Amino acid sequence: MFDWEFAISILPALLKALRVTLQATLVGISIALLLGLVWAFLGHSGRGLPAKVTAASVEFIRSTPLLVQIYFLFYVAPNFGLTLSPFSAGTLALGLHYSAYTAEVYRAGIEGVPSGQWEAALSLNMGRFLTWRSVILPQAIPPVIPALGNYLVAMFKETPLLAAITVMELLQTAKIIGAQTFRYLEPLTLVGLLFLAVSLVASRLVRRLEVRFGSR
């Protein structure tokens, strides 16, 4: 039977862990959005070496499991002089993994901009940076906001993988509570409800952004 009194007693610990989960998600999102844009720029640079290296890197990241990348950054990277805390390694892996997906989303948005826009910017003697900032990106990004939002909500739901390297996120905390009290029903139920609540809020926020930018 579900014990409400026990559920209320463990709620503060779960909410504290939820804060760690949200922090990991926000850092991961920042990395994924920024690095994905860099991948998209390099991939759009033509058929030279940068574009080939970018395409191979994105394909490699997309084709390997996120958990393997987390393990690699935490356990293998120190062999190459890069030692990261569990939180840093986990969030970097999240951001790196999802940057490969956001890069593809950005690419689709950029390719959706009519070629005439490039030609018009060239005829106005606009520099490449100004063309990207003022002409291409304002048209390329709004249509892809729903796709970006879906990937970022998916990232939030994959944060329990960070428990594999001892990050005290939401699910890891629930497992520890269950092991200490021999009660898993309440902590796991609360974890599910907290993930549901945050996912619904995030989806609503993405929808509002889509409507706001789509109406321009």
Side-chain angles (χ1 to χ4, degrees), residues 7-39 61-62 64-78 81-103 105-106 141 144-180 184 186-210 212:
I8 292 173
S9 70
I10 64 174
L11 191 56
L14 293 177
L15 289 176
K16 183 179 179 181
L18 176 62
R19 188 171 62 185
V20 176
T21 297
L22 291 176
Q23 288 173 341
T25 304
L26 290 175
V27 174
I29 286 173
S30 301
I31 295 172
L33 291 178
L34 183 60
L35 187 56
L37 195 56
V38 173
W39 290 130
I61 294 171
R62 292 182 59 182
T64 53
L66 173 57
L67 186 57
V68 172
Q69 294 164 13
I70 291 173
Y71 279 141
F72 189 91
L73 283 175
F74 187 65
Y75 292 113
V76 181
L82 180 62
T83 302
L84 299 170
S85 67
F87 182 85
S88 297
T91 53
L92 181 58
L94 280 174
L96 184 64
H97 185 78
Y98 276 91
S99 71
Y101 293 94
T102 57
V105 174
Y106 284 131
I141 291 181
V144 301
I145 286 177
L148 287 175
N150 289 335
Y151 279 127
L152 301 181
V153 172
M155 178 197 293
F156 167 69
K157 290 188 287 189
E158 292 216 78
T159 53
L161 291 176
L162 303 190
I165 54 173
T166 71
V167 175
M168 289 296 291
E169 48 70 56
L170 195 50
L171 186 59
Q172 176 74 346
T173 301
K175 288 166 60 181
I176 290 176
I177 292 173
Q180 292 174 340
Y184 288 91
E186 292 83 0
L188 292 181
T189 301
L190 289 176
V191 166
L193 291 175
L194 289 172
F195 268 100
L196 175 64
V198 174
S199 295
L200 289 177
V201 171
S203 298
R204 180 66 64 88
L205 180 60
V206 170
R207 177 60 182 161
R208 291 186 66 176
L209 288 174
E210 179 186 354
R212 178 179 178 183

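Please read these numbers as outputs of a predicted model, since none were measured by experiment.
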J.: Quick one: closest heavy-atom pair of L73 and A89, and the distance?
T.: CD1-O, 3.8 Å

J.: Hey, could you give me each pair passing side chain to side chain donor-acceptor pair (under 3.5 Å) that has a residue in residues 65-78? Not counting sequence neighbours.
T.: T64-Q69, Q69-H97

J.: About how many Å separate CG of L14 and OG1 of T189, when rounded to the nearest 0.5 Å?
T.: 10.5 Å

J.: Do I31 and L96 make a side-chain contact, defined as non-hydrogen atoms from C-beta onward lying under 4.5 Å apart?
T.: no

J.: If you round to the nearest 0.5 Å, how far is CZ of F74 from OG1 of T83?
T.: 9.5 Å

J.: How about L205 and V201: do any of their side-chain heavy atoms sit closer than 4.5 Å?
T.: no

J.: Has Y106 got a side-chain atom pairing as donor or acceptor with V144's backbone, closer than 3.5 angstrom?
T.: no

J.: With side-chain contact (heavy atoms from CB on, under 4.5 Å) as the criterion, how do L22 and F156 come out once you've worked through the C-alpha distance, each side chain's angles and the decisive distance to 0.1 Å?
T.: CA-CA 8 Å; L22 291 176; F156 167 69; 3.9 Å; yes

J.: If we only count heavy atoms from C-beta on, is the I61 to W39 side-chain gap below 4.5 Å?
T.: yes

J.: Given 3.5 Å as the limit, does a donor-acceptor pair link the side chain of T21 with the main chain of L170, or not?
T.: yes

J.: Other residues, nucleotides and ligands only: do more than 12 of their heavy atoms fall within 6.0 Å of CZ on R62?
T.: yes

J.: Restricting to non-hydrogen atoms, name the atom on S88 and the atom on T91 that form the minimum distance, rounded to 0.1 Å.
T.: O-OG1, 3.2 Å

J.: Is the shortest side-chain heavy-atom distance between L161 and L94 below 4.5 Å?
T.: no

J.: Once rounded to the nearest 0.5 Å, what's the spacing between atom CD1 of I176 and atom CE of M168?
T.: 3.5 Å

J.: Kindly give the heavy-atom pair with the smallest separation between I70 and A93, and that separation in Å.
T.: CG1-CB, 3.5 Å

J.: Can you name the residues that form a salt bridge (charged side-chain N to carboxylate O under 4.0 Å, His left out) with E186, not counting sequence neighbours?
T.: R183

J.: Could you pull out the closest heavy-atom pair between I165 and G90, with the gap in Å?
T.: CD1-N, 3.8 Å

J.: Considering only residues two or more places apart or on different chains, which pairs with a residue in residues 146-169 satisfy side chain to side chain donor-acceptor pair (under 3.5 Å)?
T.: Y98-E158

J.: Please report the shortest heavy-atom distance between F87 and V20, naming the atom on each side.
T.: CE1-O, 4.0 Å

J.: With rounding to the nearest 0.5 Å, note down the distance linking CG in L193 to CG in L188.
T.: 11.0 Å

J.: Rounded to the nearest 0.5 Å, what separation is found between the CG atom of L82 and the CG atom of L92?
T.: 7.5 Å

J.: Provide the closest heavy-atom pair for V206 versus P146 in the form atom of the first, atom of the second, distance.
T.: CG1-CA, 4.2 Å

J.: Rounded at 0.5 Å granularity, tell me how far CG in L194 sits from OG in S199.
T.: 10.5 Å

